[in-house]
Amino acid sequence: MTTWLDRILAQFGYVPRVERPLPRIQNGTDAVARGQRWESFATEEGGIYDMIASLRRDYFEKVGQLTPGDTAGLQALGMADRIAREIERKVQTVIETGRIRANDRAHAEKISNIR
C-alpha cells in the first residue's frame, strides 16, 4: 500500500512509481449472490439498464444527424449499438445464471427433503 508521501515523491521522480491494484469486492464465486447483486444494480433507478438505454438512444439520435453519404459514421454508430446490446445480454446472462443456480439449489433441497 502506498502512502500519499510515496505518491508525491514518485510524482517528482525521487522514487519509482508503483502501480496500485484497484480494490475488488471479494465475494467468491457464488453465482446466486453475484446474480442478485447484478440484478439490484441493473434494475435500480439509473442502473445499468437505464445507462445502456440512454447510450442506445444517443446513438440513434446521432444517426439522425449524419449526412446521407456518411457510411463510415453509420457503420461506427451501428457497431456501437451492437456493443451496447451485447453488454446488455452479458448482464442478463449473469442475472439469469444466478436465478438458475438458485432454482437448482431449491430443487435439490426439495429432493433431499423427500428422502
Side-chain angles (χ1 to χ4, degrees):
M1 187 72 180
T2 59
T3 64
W4 62 272
L5 183 59
D6 294 330
R7 285 183 271 164
I8 291 173
L9 292 173
Q11 180 71 28
F12 291 109
Y14 293 112
V15 295
R17 185 178 303 265
V18 177
E19 293 296 323
R20 295 182 306 158
L22 295 174
R24 301 193 71 163
I25 298 173
Q26 300 296 328
N27 287 327
T29 57
D30 185 19
V32 176
R34 183 175 180 227
Q36 290 171 346
R37 276 194 323 271
W38 279 67
E39 184 173 20
S40 67
F41 176 64
T43 57
E44 71 183 3
E45 180 81 22
I48 195 158
Y49 285 155
D50 290 341
M51 285 187 261
I52 292 171
S54 173
L55 283 172
R56 293 186 68 201
R57 191 177 316 108
D58 292 345
Y59 296 149
F60 184 74
E61 290 171 0
K62 287 180 184 177
V63 166
Q65 297 170 357
L66 293 176
T67 59
D70 190 6
T71 57
L74 187 61
Q75 287 176 340
L77 291 170
M79 181 61 72
D81 183 59
R82 280 189 224 115
I83 291 169
R85 281 186 284 151
E86 186 62 29
I87 292 170
E88 189 172 13
R89 276 194 291 272
K90 294 288 186 181
V91 170
Q92 189 62 34
T93 299
V94 170
I95 293 169
E96 290 299 322
T97 301
R99 287 181 184 161
I100 290 169
R101 297 285 187 251
N103 289 339
D104 290 348
R105 286 182 188 170
H107 181 70
E109 188 176 312
K110 286 179 185 176
I111 297 296
S112 68
N113 289 337
I114 291 174
R115 295 180 187 178

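Predicted model, so just to flag it, every value in this text is computed and none were measured. FYI, side chains are in, hydrogens and waters are out, and symmetry mates aren't considered; it's all heavy atoms of this structure.
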The test is side-chain contact (heavy atoms from CB on, under 4.5 Å); show your working for Leu66 and Leu77 and say whether it passes. CA-CA 10 Å; Leu66 293 176; Leu77 291 170; 3.9 Å; yes
Counting only pairs under 3.5 Å, give me each side-chain donor-acceptor contact of residues 48-64, with atom names and distances, residues two or more places apart or in other chains.
unit_1, atom_1, unit_2, atom_2, d
Tyr49, OH, Gln92, OE1, 2.3
Asp50, OD2, Gly46, N, 2.8
Arg56, NE, Asp81, OD1, 2.7

Quick one: side chains of residues 67-76, donor-acceptor pairs under 3.5 Å with protein atoms, not counting sequence neighbours, listed by atom name and distance.
unit_1, atom_1, unit_2, atom_2, d
Asp70, OD1, Gly73, N, 3.1

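Cluster membership for Ile95 and Ile87, using ILVMFWY side-chain heavy atoms within less than 4.5 angstrom, is shared.
By the 4.0 Å N-to-carboxylate-O rule, Glu96 lies close enough to Arg99 to be salt-bridged with it.
Judged as a side-chain hydrogen bond (donor to acceptor under 3.5 Å, both in side chains), and not counting sequence neighbours, the contacts of Arg105 are Asp30.
To the nearest 0.5 Å, the span separating CZ on Arg82 from CE on Met79 amounts to 5.0 Å.
Side-chain contact between Lys90 and Val94 is absent, with no heavy-atom pair separated by less than 4.5 Å.
Residues Val32 and Ala102 come closest through the heavy atom pair CG2-N, 3.5 Å.
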